[in-house]
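Working notes, structure below.
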Protein chains: 2
Amino acid sequence: MAFTYAYPHPAVAADIAVFTLRRGALHVLLIERAGEPFKGAWALPGGFLQPDEELDACARRELREETSVEAEVLVHFGNFSAPGRDPRERVISVAYLALLASDELRLAADTDAAQAQWFALDALPELAFDHATILQRALAALGARAREVQPLFALLPPRFTLSQLQGAYEAVIGEEVEKRNFRKMVATLACVRETEDFVHGAHRPARLYEPA
Amino acid sequence: MAFTYAYPHPAVAADIAVFTLRRGALHVLLIERAGEPFKGAWALPGGFLQPDEELDACARRELREETSVEAEVLVHFGNFSAPGRDPRERVISVAYLALLASDELRLAADTDAAQAQWFALDALPELAFDHATILQRALAALGARAREVQPLFALLPPRFTLSQLQGAYEAVIGEEVEKRNFRKMVATLACVRETEDFVHGAHRPARLYEPA
DNA sequence: CGACTTAGTGTCGTCAATACACAAAGATGG
DNA sequence: CCATCTTTGTGTATTGACGACACTAAGTCG
């Protein structure tokens, strides 16, 4: 016998915690389950790995299929393998984290995405499976990564004001920072380039920046 | 039909990169493959997930079975899912990193471990599967984590001198640091407690410390 | 055109990180 | 036993990041 691994194989799935910024607060994208188990409950988007598909590609595909969201950055932050976490059969879940600019949320407009919805982190519904745990871990991973400012660009439009960048930073790390200090930090990191354009709102126009 | 996932399931395995310190240099533990494929080649210890077994437990068990090494710390650092990475069938590999005190290497003495051997990182043999890639990623993950001194304790005996701790630190991050500065850093972190004992070598005795 | 609101800037104190040099303790060998 | 060698062990000065703090600039709205 060429291969001695006699045990049954588990199913392998990717689950994705997609975060965006709405009105300055982090929101997570959930889908309403159409079938059993946990029918009608909310869950992280995700699904099963296909033959000859890489895990990263699976996460990207499932996210697109279930929510019509195209993720730029997709980072793996952990596996979930507790026996019984899926009542149907053994499922190993490979968990990913993604960030999305608020602008790109055309969920309601998209037919496939009727069941997808953004939830503020302080107004979460009951989650299916062990997705509450996965979400907790996703937030921890996000906070750890946020000290580097680069990932935050994914939460913002291509060009943004420093106030927007600071808002994203504060939302992710969960505390406020002093404006002058934040700008000093950004200057030190040299991760943005100033443009010649300004955005005109209700008050003094703000200069637009772009990733360096 | 209660369950609509019609695709074949992949096999799931854990692979472990165990590092230790020998003569001041990092070494990795490899096993010689007894069967096809890659028979006779060296590989990271690892093996397939069993029913109702958590991934962490699988890594710990496989490591024990194949090398008789008991790992204290076992950290997940990535998944490897390229189709074709195992010629037999689709295998998703969940990769772990472990550190081991040099004292505990009783490999030769153990019957099961006849095929296990430590290799210096600059004298590696050809590795089976994509284990060279996995090892590269393990080293990167190790370097990233080493800034915190805590994990290094696993590389050292229960009580150690500051020179030993500094040696471990240097081996892991791959560069030398200044003695006074290193000691200042350790003092700031307050992660060790001094003992009343000294180790007597060929020269001035060095005070022993233990994790705080 | 006055009031309001947001954008944008500089200083100082503190603290961590870097560079650097010499004294203390014990072992060894003549 | 004394000189030499090797490793342990310590203090200071400088630099750059981080945190607190207050005002001016520019445009909108009424």
Side-chain angles (χ1 to χ4, degrees), chain A residues 21-25 102 143-150 152 156-157 159-212, chain B residues 21 23-25 102 143-150 152 156-157 159-210 212:
Chain A
L21 222 41
R22 299 179 84 182
R23 297 179 307 280
S102 319
R145 249 163 237 272
R147 306 290 159 169
E148 314 137 37
V149 172
Q150 257 79 347
L152 296 178
L156 298 173
R159 304 204 303 174
F160 45 84
T161 69
L162 291 185
S163 295
Q164 285 179 298
L165 185 59
Q166 180 175 351
Y169 183 77
E170 290 173 338
V172 169
I173 71 169
E175 51 190 314
E176 304 201 339
V177 297
E178 220 271 336
K179 181 164 53 163
R180 281 164 291 193
N181 296 336
F182 179 78
R183 291 162 117 93
K184 235 184 311 180
M185 184 189 74
V186 171
T188 303
L189 293 178
C191 58
V192 299
R193 190 174 27 233
E194 76 175 28
T195 70
E196 290 310 308
D197 299 327
F198 293 79
V199 58
H200 294 262
H203 300 289
R204 173 174 175 172
R207 185 181 289 275
L208 284 169
Y209 291 78
E210 57 191 12
Chain B
L21 223 40
R23 298 180 307 281
S102 319
R145 249 163 239 270
R147 307 289 159 167
E148 314 137 38
V149 172
Q150 256 80 348
L152 296 178
L156 298 173
R159 304 205 303 174
F160 46 83
T161 69
L162 290 184
S163 295
Q164 284 178 297
L165 184 59
Q166 181 175 349
Y169 183 77
E170 290 173 338
V172 169
I173 71 169
E175 52 189 314
E176 304 200 339
V177 297
E178 220 270 336
K179 182 164 51 162
R180 281 166 290 193
N181 296 337
F182 178 78
R183 291 162 117 93
K184 229 183 317 181
M185 183 189 76
V186 171
T188 303
L189 294 178
C191 58
V192 298
R193 189 174 26 233
E194 76 175 27
T195 70
E196 292 310 309
D197 299 328
F198 293 79
V199 58
H200 293 261
H203 300 288
R204 173 172 176 175
R207 185 182 288 275
L208 283 168
Y209 289 78
E210 59 190 13

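Just so it is clear, the structure is predicted and the values come from calculations on it, not from any experiment. The sequence lines fix the lettering, A, B, ..., with proteins before strands; numbering per chain opens at 1.
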Nearest-nucleotide comparison on DNA chain D, the residue closer to the 5′ end among A:Met185 and B:Ser163: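 Result: B:Ser163.
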When A:Arg180 and A:His200 are each assigned the nearest nucleotide of DNA chain D, the 5'-most assignment goes to A:Arg180
Locate the shortest heavy-atom distance separating [X] from [Y]; write the atom from each residue and the value.
X        : Y        : result
B:Thr161 : B:Ala206 : CG2-CB, 3.7 Å
B:Tyr169 : B:Val177 : CE2-CG1, 3.8 Å
A:Glu170 : A:Glu176 : OE2-CA, 3.6 Å

Looking at the base of C:dT9, is there any donor atom on it, or on the side chain of A:Lys184, that sits under 3.5 Å from an acceptor on the other one? no
Can a donor-acceptor pair under 3.5 Å be found between the side-chain atoms of A:Glu178 and the base atoms of D:dC21?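 Counting by modelled atom types and ignoring angles, a donor-acceptor contact under 3.5 Å is found here.
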With heavy atoms under 4.0 Å as the rule, sort A:Thr161 into base, sugar-phosphate or nothing. nothing
Once you round it to whole Å, what is the distance between [atom2] of [N] and [atom1] of [X]?
X        : N      : atom1 : atom2 : value
A:Phe198 : C:dT6  : CZ    : P     : 19 Å
B:Arg183 : D:dT7  : CZ    : C1'   : 10 Å
A:Phe182 : C:dT9  : CZ    : C1'   : 16 Å
B:Arg207 : C:dG26 : CZ    : P     : 12 Å
B:Lys179 : D:dT12 : NZ    : C1'   : 17 Å

Taking for A:Arg204 and for A:Asn181 the nucleotide of DNA chain C with the nearest heavy atom, the one nearer the 5' end belongs to A:Arg204
How far apart are the C-alpha atoms of B:Leu189 and B:Met185, what are their side-chain angles, what is the distance that settles it, and do they pass the side-chain contact (heavy atoms from CB on, under 4.5 Å) test? CA-CA 6 Å; B:Leu189 294 178; B:Met185 183 189 76; 4.3 Å; yes
From the options C:dG10, D:dT7, D:dT8, select the nucleotide whose nearest atom is closest to the side chain of B:His203. D:dT7
